[in-house]
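Values below: all heavy atoms of this structure, side chains included; hydrogens, waters and symmetry mates excluded. Per chain, numbering begins at 1; letters A, B, ... match sequence-line order.
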Amino acid sequence: MATLEATQRQAFRRQLLRWFDRYARDLPWRHTSDPYSIWVSEIMLQQTQVVTVERYYHRFLDRFPDVQSLASASEEDVLLLWEGLGYYRRARSMHRAAKQIVELFDGRFPNKFSDVRSLPGIGKYTAGAILSIALDQRHPILEANTIRLFSRLLGYRGDPLDREGQQLLWQFADQILPRKKVGRFNQALMEVGSLVCLPHDPQCHACPVRGTCKAFESGLQATIPSHKKKISYESLHEAAVIVRRGNKVLLRRCRSDERWAGLWDFPRFEITSKGAANRQSELRRKTEELTGIDISLAQNITTIKHGVTRYRITLECYAARYVAHKHRQRRSTQKWVSWSALSDYPLSVTGRKISRLKGPIFATQQPKS
DNA sequence: CAGGCGTGGTA
DNA sequence: TTACCAAGCCT
């Protein structure tokens, strides 16, 4: 079992906190002990860098300053403030959790670990972070920065993400945790991880805890932690169809089993056909399958390249006109929306890019029938 | 439990 | 341009 002696633990804590006071600091924009605010920031920070979160955080707290206001908002409004942050399930879970807090905890953010952990979107890390940072409760944390830091401190050469690695690192996180100033300590760990114990070029000369680092001792800091599994990227060829009817366009809401669940999007699907005529019939057929609407000849407006998770997507954007309904869909699933009203609907980044193409789309000619 | 989920920044 | 990475969680 990897561990530190009691005296080493004391030295480690002292050096870490001294460094934190001297070179780093609390995230300056969330100086607060309000668990709700810490919660919001921690959810936004999941798999997202600090600089990206800051603006979103202020706007979100401005609009939803407490659990009540969040719980009584519409999911649409919550997602609008989340637009561009990605991983939209976080926003939907947080919205659901806010309702649960109103129902079960009288609108007060819970202060018991098991209660916090039971809320949707809150795992072991987030529960520990909220309660240690906001209320100084003694809970360990383990996330990207501390996984890397602890792996090197312990000289752990296995995969820190598998079950054995996770068990070891959580156990270590718990062992080195002090009894007081737990929130500061946890923040300091993450700051050392993000500012000093860098993934590729660790700044060991500037590290306050290199004295207790096995990787540094053996010169293995470049090879620990063991590299992650390589992502196998897949190319996708898709089309988005902007269906115009008068001065409105067709939007559909992404289902829970689709990417961008809960967001709105222009009808969109994979395309495989070659040649202009085949492409037209494919666009017409798939638009009808998806929306129940028959369209005119489609004009290619532009092509957008973007990546989503492990997919590299080439998205061809087409403008077409409404011809007829083959069958109807619910209004909660599909809507005709004026161009200016697109700003009221949460869209993916590509959807929002398309919404900036009003000129080219409305300049398309009415095809002769 | 391995894979899915978004986007932007950096080398 | 491509590959890697980021204060994880859920199924």
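- Annotation: of the two residues near DNA chain B, Val308(A) and Arg163(A), the 5′-most nearest-nucleotide partner is Arg163(A).
- For Arg268(A) and Glu258(A), the salt-bridge test fails: no basic side-chain N is under 4.0 Å from an acidic carboxylate O.
- Atoms CD1 (Ile231(A)) and C1' (dG6(B)) sit 13 Å apart, rounded to a whole Å.
- With no hydrogens or angles considered, no side-chain donor-acceptor pair links Arg157(A) and Thr223(A) at under 3.5 Å.
- The NZ-P distance, from Lys230(A) to dA3(C), rounds to 7 Å in whole Å.
- Of the residues in residues 46-56 of chain A, Gln47(A), Thr48(A) come within less than 4.0 Å of DNA chain B through at least one heavy atom, sorted by number.
- Protein atom CD1 of Ile313(A) is 12 Å distant from nucleotide atom C1' of dT7(B), rounded to whole Å.
- At a threshold of 4.5 Å between non-hydrogen side-chain atoms, the residues Val192(A) and Trp19(A) count as touching.
- Ring geometry for Phe109(A) versus Trp39(A): interplanar angle of 30 to 60°, hence tilted.
- Heavy atoms of Ser41(A) sit nowhere under 4.0 angstrom from any nucleic acid atom.
- Residue-level contact check: Ala129(A) touches neither bases nor backbone, having no heavy atom under 4.0 Å from any strand.
- With the nearest nucleotide of DNA chain B identified for both Glu258(A) and Lys353(A), Glu258(A) has the one nearer the 5' end.
- Residue-level contact check: Gln166(A) touches neither bases nor backbone, having no heavy atom under 4.0 Å from any strand.
- A gap of 23 Å separates the C1' atoms of dA7(C) and dA11(B), to the nearest Å.
- Tyr233(A) places its OH atom 14 Å from the P atom of dC5(B), with the value rounded to the nearest Å.
- For His200(A) and dC5(C), the shortest distance from a side-chain N or O to OP1 or OP2 is below 4.0 Å.
- What separates CZ of Arg30(A) from P of dA7(C) is a distance of 12 Å, to the nearest Å.
- Comparing Glu42(A) and Gly121(A) by the nucleotide of DNA chain C whose heavy atom lies nearest to each, the residue mapping closer to the 5' end is Glu42(A).
- Side-chain N/O atoms of Glu143(A) and Thr146(A) include a donor and acceptor closer than 3.5 Å.
- The stretch residues 79-99 of chain A touches DNA chain B through Gly84(A), Leu85(A), Gly86(A), Tyr87(A), Tyr88(A), Arg89(A), each having a heavy atom within less than 4.0 Å of the strand.
- Of the listed nucleotides (dC1(B), dG4(B), dA7(C)), dG4(B) has the atom at the smallest distance from the side chain of Tyr311(A).
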I'd like a table of donor-acceptor pairs (distance under 3.5 Å, sequence neighbours excluded) in which one partner is a side-chain atom from residues 91-98 of chain A, with atom names and distances.
unit_1	atom_1	unit_2	atom_2	d
Arg92(A)	NE	Glu75(A)	OE2	3.0
Ser93(A)	OG	Arg89(A)	O	2.9
His95(A)	NE2	Ala73(A)	O	2.9

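- At dG3(B), none of the side-chain N or O atoms of Arg310(A) fall inside 4.0 Å of OP1 or OP2 (strictly under the cut-off).
- Side-chain atoms of Tyr311(A) and Arg259(A) include no donor-acceptor pair closer than 3.5 Å.
- Spacing between atom CG of Leu161(A) and atom P of dG4(B) amounts to 17 Å, rounded to whole angstrom units.
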Query raised in the report: How far apart are the C-alpha atoms of Asp174(A) and Arg138(A), what are their side-chain angles, what is the distance that settles it, and do they pass the salt bridge (charged side-chain N to carboxylate O under 4.0 Å, His left out) test?
Result: CA-CA 9 Å; Asp174(A) 188 61; Arg138(A) 192 180 180 284; 3.6 Å; yes

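- Across all strands, Thr146(A) comes closer than 4.0 Å to no nucleic acid atom at all (heavy-atom distances).
- Per the geometry, CD1 belonging to Ile43(A) stands 7 Å off P belonging to dC9(C), to the nearest Å.
- Nearest heavy atom pair, residue His325(A) against residue Arg245(A), reads NE2-NH1, 4.0 Å.
- The minimum heavy-atom distance linking Tyr233(A) with Thr309(A) is given by the pair CE2-O, 4.1 Å.
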